[in-house]
> 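One structure follows; several queries about it will come next.
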Amino acid sequence: MQGWNVARARMTSASASPIAKRCRRSGRLHLTGAARTTVSAVATCVLQAAHALAADGPVNAIPNMFAPVSPPAEGIRSLSFLVMAIAAGIFVTVTAVLFWCVWRYRARSDDEHEPPQVYGSNQIEWSWTIVPVLIVLVLFLATARTINELQASDVPPEALRVTIVGHQWWWEIKYPDLGVVTANELHLPVSRDGARRPTYLHLESADVIHSFWLPQLSGKTDVVPNRRNLMWMEPNQTGVFLGQCAEYCGTQHAKMLLRAIVHEPAEFDGWVAAQKKPAAVVDTVAAGRAVFQSTACINCHTVDGTNANGRFGPDLTHLMSRTTIGSGAAANTPENLRAWIDSPDHFKPGVLMPAMKLDDGDLDELTAYLLTLK
Amino acid sequence: MTVLEEGIARPHAPERASAWEVVHDWVTTVDHKKLGVMYISSALVFFLIAGFEATLMRIQLAVPNNDFLPPNTFNRLFTMHGTTMVFLVGMPMFFGFANYLTPLMIGARDLAFPRMNAFGFWLFLFGGILLYFSFLGGDGLYGAGTAPDVGWFAYAPLTGKAFSRGNSTDYWILGILVSGFGSTGTALNLAATILTMRCPGMTWGKLPLFVWLMLVNCLLTLIILTPLTAAQVMLLFDRYLGAHFFDTQAGGSAVLWQHFFWFFGHPEVYVLILPAFAMANEIVPVFSRKPLFGYPFMVGATVLIGFISLSVWAHHMFVVGLSPAANTFFTLSTMAIAVPTGIKIFNWLGTMWGGKIRFKMPMLWCTAFLFSFVIAGLTGVMLAVVPWDWQLSDSYFVVAHFHFVLIGGLLFNIFAAIYYWFPKVTGRMLDEKLGRLHFWIFATGFYLTFTTMHFPGLLGMPRRIYTYEAGRGWDTLNLITSLGVAVQLVGLTFFLWNVVRSLLKGDPAGDDPWDAWTLEWSTTSPPPEYNFEQIPVVHSRRPLWDLKHPEDPDWRYE
C-alpha cells in the first residue's frame, strides 16, 4: 500500500506521472548495456510486426497491447520488455547449447565405443541452480514493484467514476456522478499533463463472469457476480480503442465487444450533456413509439421519460448516439437496426433478445421511432 | 549378475486363440501390461476424437466472420476438446505408461493390487464414454443442449441451473467424477507398488528416474483429485439439492470454484508433464550413451516441483481481483517453480554433452521436446509476471503457451516413448523412414500452428471466441494457425500408418534393441505375463550396464 500511495502522490503533482515518464524512455526500465540493445531489438521486431499488420486499417483497429495509450498499459509494456529481454537471453543461451550438443556430440557411424561415463558434478549443479534463482529474484522484484504501482486500490478524488455491469452478452455502462447510463461504448476524457482525468471503473456482473479488456488502455479485470472489482485507466490520446469480453461467458461470448471513445475534455462534456437530455419526442414517429410501448420491448429496455423501464437489455434513451448495435455485432445503421429488430439471431445467433414477429409496417414504424432516439 | 540372465524368459509358441477368447482375455485381464496397453490405446482413440474437434474449430477460425460452425457447437467443441485432452488423453497416458513400465522397471511381477488396477481402468473408460454419451443423451428431460459448453474448467456460475439448463453439465461433472475415482485408485496402487515391491538392491538411490517421477506424480494425483471431486459434488448439490456454494444469486461465491478448481488444475498440469519428463529421463541417457547427469539433483528437482506446484494455483486467477499481496505471493511461487524445471533441462543437456548421440526416432522427439519446452517455460514465466498476465490471461497467448507445454512437451515425449517402448510391447520395431516423415511433418505443423498462435493473443484476441471481425490484425495469423493443423494431420497419418504397418510386419525387435540399461530390457519382447522368471537383483541405477560391462560396472561409482 505504501508504494502505491507514494506513486499516487507523485502522479497528482504538476509533472507527468512516473509511469508515464518511464514509458517515454521507450520502456528501457531497469536496463543497461547489452540488455538495452536486446530489448530494443525485440521491441522493434514486435512493433514492426504489429505495424505491418496495422497497415490496412484505421489506427486503432488493432487492440495491440504494445501500442498503449494509458499508464497501466504503458507500465505493463515496460515490464514486458524487461521480461522479454531476459527470456530472449535465456532462450538464445539454452538453445545454443542444445544445438551445439546435437551437432558436436552426434554419433558418427564408424564409432562403436561408448563415450566416457560422467555421472554429474555438484559444482555445475549448484551453479545452474543459483543463476536461475538470481534471475527469478530480479524478475520477482520488478513484478512486485509494478503490481504495487499499477493495481488500483483507492479511487482518487479527481477521478471520473464509472460502473460497468457485465450482462450476457453486453456491457451496461453507468456514470453515477454524472447521471448517465449507456451501453457497450465507454466514453472517456483524455488526460493531459496539468489536467489529469483518470477514470476508475467499478466492475459488477448481472449474471456470470465476464472480463473487461481494452488492451491499449489497461490489462483486463474479471467482472465477477457478487463481487465488485476496481480497475483504472488514464488515456493520453484521443480516438477509438477496441476490446472485448475476455472470459468465456456463454453462447455469444465472441460478440460481446467493447469500444472506448476518448474525447477532448470539452467534447466529453458535450457528450455528457447530450446523454443527460431526456429522450427525444418526435410527433412524426408516434406510431412507432406506440408499437414500442405496447410490445414486450419495454420489459427489457429503458427509454427515459416513458413507461419503458426494463433493465434486462441496454438503455435505448440515446440509442442513435452509439455506433454499433448488439454489443458490436453490427454497425448502427437504419438497415441493420431494422434487420436486428426483425431477427436478432441474424447478427448474433443465440442472443437473449427475442424476435418480436412484427409485420413489415410495424417494423418500419418502430425503426423510424428508434432512429429518433439520438 | 547371473540372476539377471536367468531372469530372461523365452515365450512359448502361442496357440491361435478365437476372437471371443481374445476379447474375453482383454476384458477380464488384471495384467498390468495389458491394462497399460488398453490405457494407452484408449487414450490414443480419445486423442484422435479431440484432435478432430480441434480441427473443426480451426476450420471455423481460419477466416474472419466464418459461419462454418454455429456458436453453441463451437463452445461445445472447445469444452469437449479441453476436457478430453486433459482427463481422457493426458491422464490415461500417464497411467498407461506407468502401468506398463513400473513393475518391469522395479523388477516386480505386477502392481500391488491387480484387480483394483483393472477397476481403475474400466472406471476411466466408462467415465469417458459417459462424457461422450452427452452428445446423444445430453438433451435429457429439458430438451436443451447436448455436449457440455461450459469450458473445461467449468467456471461458476455458468454451470449453475440458471445458466446451464438441461443435463449437459451433469455429464461433464459425472464423467470426470467417475474417471477421477479410477485415477485415485490407480495412483494409490502405483504408489503402493513403488513403495513396497522394488526388487532386492533397488534402494531409493537406485530407482530408475522414470519410477521416481511416477511416484511423485501419484502422490500429487492423490492430493489434488480430492478438492476437484469435492467441488464437483458441491456443484451437483447446487444443481439438484438447492445448495448455494457457487450460486452467486444467493450469496455463493464464483471465486470459490476457481480456488477449488485450480488447486486441482495447476498441479494437474504437472501431473500431465511429469510423465513426459520421466520418459525423457530414460530416453535421453540411452541415446546419448551416458548415464543421466546429476541423478540426485533430478530427484530433488522433481520432489521440489511436486511441492511447489501445490502453491501456485492462483496464478490462473490474477485477473479475478485478488489483493496485491496475494498477487505478489503467487507470482513468487510461480516463478520459483521455474528453477527446478530449469535444473531438469540443464541436466538433460548435461547428459547429451560429451555423449555420442544416436538420433533414432525416440531421441529426435526428445530433442524437439527440449527445444519446445524451453519456449514453453519462458512463455510460462511471462504469464507469471502478474501485470503482464493482466494482458495475456485468457488470450490466445495462453492457448499457445499451454499447447507448447502439452504438445511440444507432453505429446512429443509420448511419441518418443511410443517409438522407444513399442518394440518391448509388441516385439516389433516401428519403421524409421515412416517415423522420420511423421516427425518432420508433424513438428513443422506444430511450430507453424502454435508459434503463430502467440501473436493474435498479443494483439488482443481472447480465447474461446467462435468468430472475430476482419481487420483486427488477426486474419493472416489465424489462417496460418489453421493451415498448420492440416500439416499436423498429414504427419499424424504417417504415425498411424506406421503403427498399423509395424504391428503387422515390422522388423523383429529382440529383447534389447536400443542397447539400454533398465530392467524392462532384460526380459523378452513382449514380456511374459509374469515378467521375470526370477526376481532380479540390482546393484546400481543401470543394472544392464553392469551386466554388459562387467569390467566397469556402475556400482563402483554410485
> What part of Leu203(A) is in contact with chain B, defined as an atom under 4.5 angstrom from a non-hydrogen atom: side chain, backbone, both or neither?
neither
> Which bit of Ala156(B) is near chain A, if near means a heavy-atom gap under 4.5 Å: side chain, backbone, both or neither?
backbone
> Kindly say whether Val319(B) contributes a backbone atom to a donor-acceptor pair with the side chain of Lys220(A) at under 3.5 angstrom?
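No.
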> Does the Tyr248(A) side chain pair with the main chain of Asp394(B), one donor and one acceptor, at a distance under 3.5 Å?
no
> Can you find a heavy atom in the side chain of Met335(B) that is under 4.5 Å from one in the side chain of Thr143(A)?
yes
> Heavy atoms only: give me the nearest Ala87(A)-Met382(B) pair and the separation to one decimal.
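It is CB-CE, 3.7 Å.
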> Where does the angle between the aromatic ring planes of Trp128(A) and Phe293(B) fall among parallel (under 30°), tilted (30 to 60°) and perpendicular (over 60°)?
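Tilted, since the angle between the ring planes falls between 30° and 60°.
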> Using non-hydrogen atoms and a 4.5 Å limit, figure out which bit of Val133(A) sits close to chain B: side chain, backbone, both or neither.
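Both backbone and side chain.
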> I need the residue from Cys249(A), Gly243(A), Gly219(A) with the largest number of non-hydrogen atom pairs under 4.5 Å to chain B.
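Looking at each of Cys249(A), Gly243(A), Gly219(A) in turn, Gly219(A) comes out on top.
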> State the CG-CZ distance between Asn64(A) and Arg472(B), to the nearest 0.5 angstrom.
12.5 Å
> At a heavy-atom distance under 4.5 Å, which candidate from Gln252(A), Lys348(A), Glu125(A) has the highest pair count against chain B?
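So the answer, after comparing Gln252(A), Lys348(A), Glu125(A), is Glu125(A).
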> I'd like to verify something: which residue of Met256(A), Met231(A), Glu114(A), Arg228(A) has the highest number of heavy-atom pairs under 4.5 Å with chain B?
Glu114(A)
> Could you state the interatomic distance from OG (Ser80(A)) to CG (Asp389(B)), rounded to the nearest 0.5 Å?
12.5 Å
> Indicate the atoms forming the closest heavy-atom contact of Gly471(B) with Ile62(A), along with that distance.
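Gly471(B) and Ile62(A) have their closest heavy atoms at O-CG1, 4.2 Å.
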> Does any N or O in the side chain of Gln391(B) come within less than 3.5 Å of the main-chain N or O of Pro215(A), such that one atom is a donor and the other an acceptor?
yes
> At a heavy-atom separation under 4.5 Å, does Ser288(B) approach chain A through its side chain, its backbone, both, or neither?
backbone
> Which bit of Ile124(A) is near chain B, if near means a heavy-atom gap under 4.5 Å: side chain, backbone, both or neither?
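Looking at Ile124(A), just its side chain touches chain B.
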> With only heavy atoms counted, which part of Pro291(B) is less than 4.5 Å from chain A, the side chain, the backbone, both or neither?
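Both backbone and side chain.
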> Under a 4.5 Å heavy-atom cutoff, which of Tyr155(B), Phe318(B), Tyr295(B) has the most pairs with chain A?
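Highest number of heavy-atom pairs under 4.5 Å: Tyr155(B).
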> Under 6.0 Å from the NZ atom of Lys344(B), do we count more than 12 heavy atoms belonging to anything else shown?
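For Lys344(B), atom NZ is crowded (more than 12 foreign heavy atoms under 6.0 Å).
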> Quick one: which of Gly250(A), Gly350(A), Ala73(A) has the most heavy-atom pairs under 4.5 Å with chain B, could you say?
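Heavy-atom pair counts peak at Gly250(A).
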> Would you check if Ile209(A) and Pro157(B) make a side-chain contact, meaning some heavy-atom pair closer than 4.5 Å?
yes
> As an exercise, state the distance from CG of Leu332(B) to CG of Leu137(A), rounded to the nearest 0.5 Å.
8.5 Å
> Check for a donor-acceptor pair, side chain of Arg227(A) on one end and backbone N or O of Val320(B) on the other, with a separation under 3.5 Å.
yes
> Residues two or more places apart in sequence or in another chain: which of them pass ring pair (Phe, Tyr, Trp, His ring centres under 6.0 Å) with Trp517(B)?
Trp545(B)
> Could you walk me through whether Gln244(A) and Ile465(B) pass the side chain to side chain contact (heavy atoms under 4.5 Å, CB included) check?
CA-CA 10 Å; Gln244(A) 66 191 86; Ile465(B) 54 173; 3.7 Å; yes
> Do Met84(A) and Trp388(B) make a side-chain contact, defined as non-hydrogen atoms from C-beta onward lying under 4.5 Å apart?
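A side-chain contact exists here, since the closest heavy-atom pair is under 4.5 Å.
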> Is chain B contacted by the side chain of Val136(A), its backbone, both, or neither, given a heavy-atom distance below 4.5 Å?
both
> Indicate every side-chain donor-acceptor pair of residues 97-105 of chain A with a distance under 3.5 Å to a residue at least two apart or in another chain.
unit_1    : atom_1 : unit_2    : atom_2 : d
Tyr105(A) : OH     : Trp353(B) : NE1    : 3.3

> What part of Ser323(B) lies closer than 4.5 angstrom to a heavy atom of chain A: side chain, backbone, both or neither?
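The backbone, not the side chain.
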> I need the residue from Thr221(A), Val224(A), Asp207(A), Leu139(A) with the largest number of non-hydrogen atom pairs under 4.5 Å to chain B.
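Counting heavy-atom pairs under 4.5 Å, the top option is Asp207(A).
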> Below 4.5 Å from any heavy atom of chain B, which atoms of Lys255(A) appear? Answer side chain, backbone, both or neither.
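Answer is side chain: those atoms of Lys255(A) sit under 4.5 Å from chain B.
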> Between Gly457(B), Gly160(B), Gly355(B), which has the largest tally of heavy atom pairs under 4.5 Å with chain A?
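Counting heavy-atom pairs under 4.5 Å, the top option is Gly355(B).
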> Which region of Ser205(A), side chain (C-beta onward) or backbone (N, CA, C, O), has a non-hydrogen atom less than 4.5 Å from a non-hydrogen atom of chain B, or is it both or neither?
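When you check distances to chain B, no heavy atom of Ser205(A) falls under 4.5 Å.
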> Sort Ala329(A) into side chain, backbone, both or neither according to what part of it lies under 4.5 angstrom from a heavy atom of chain B.
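Answer is neither: Ala329(A) stays 4.5 Å or more from chain B.
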> Given a strict heavy-atom distance threshold of 4.5 Å, which part of Phe153(B) is in contact with chain A: side chain, backbone, both, or neither?
side chain
> By a 4.5 Å heavy-atom criterion (distance strictly below it), what part of Asn347(B) contacts chain A: side chain, backbone, both, or neither?
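Contact with chain A: backbone and side chain both.
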> How long is the span from the CD atom in Gln117(A) to the CZ atom in Arg289(B), to the nearest 0.5 Å?
8.0 Å
> Rounded to the nearest 0.5 Å, what's the gap from OG1 on Thr251(A) to CZ on Arg76(B)? Could you check?
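Result: 8.0 Å between the selected atoms.
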> Any side-chain heavy-atom pair from Ile147(A) and Pro387(B) closer than 4.5 angstrom?
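Yes. Closest side-chain heavy atoms under 4.5 Å.
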> Which atom pair, heavy atoms only, marks the closest approach of Pro71(B) to Pro349(A)?
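Pro71(B) and Pro349(A) have their closest heavy atoms at CG-O, 3.6 Å.
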> Considering all heavy atoms of both residues, which atom of Ala246(A) and which atom of Pro462(B) are nearest to each other, and what is their separation?
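Heavy atoms of Ala246(A) and Pro462(B) come nearest at CA-CB, 4.0 Å.
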> Is Phe163(B) close to chain A through its backbone or its side chain, or both, or neither, when contacts mean heavy atoms under 4.5 Å?
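The side chain, not the backbone.
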> If you round to the nearest 0.5 Å, how far is CG of Leu392(B) from CD1 of Ile76(A)?
9.0 Å
> For Pro115(A) and Gly354(B), work out which heavy atoms get closest and say how close.
CB-O, 3.5 Å
> Examine distances only and state if a side-chain atom of Gln151(A) and a backbone atom of Leu322(B) form a donor-acceptor pair shorter than 3.5 Å.
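Looks like yes, one N/O pair under 3.5 Å.
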> Quick one: does Phe346(B)'s side chain get under 4.5 Å of Val94(A)'s, heavy atoms only?
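Yes. Closest side-chain heavy atoms under 4.5 Å.
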> Just wondering, do Trp213(A) and Ser395(B) contact through their side chains at under 4.5 Å, heavy atoms?
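Heavy-atom side-chain distance check passes, below 4.5 Å.
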> Got a donor-acceptor contact below 3.5 angstrom from the Asn226(A) side chain to the Gly252(B) backbone?
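Checking the backbone N and O of Gly252(B) against the side chain of Asn226(A), a donor-acceptor pair under 3.5 Å is found.
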> Ignoring hydrogens, what is the shortest heavy-atom contact between Val374(B) and Phe91(A)? Give both atom names and the distance.
CG1-CD1, 4.0 Å
> For chain A, which of Thr467(B), Thr367(B), Ile343(B) has the most heavy-atom pairs under 4.5 Å?
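Most heavy-atom pairs within the cutoff with chain A belong to Ile343(B).
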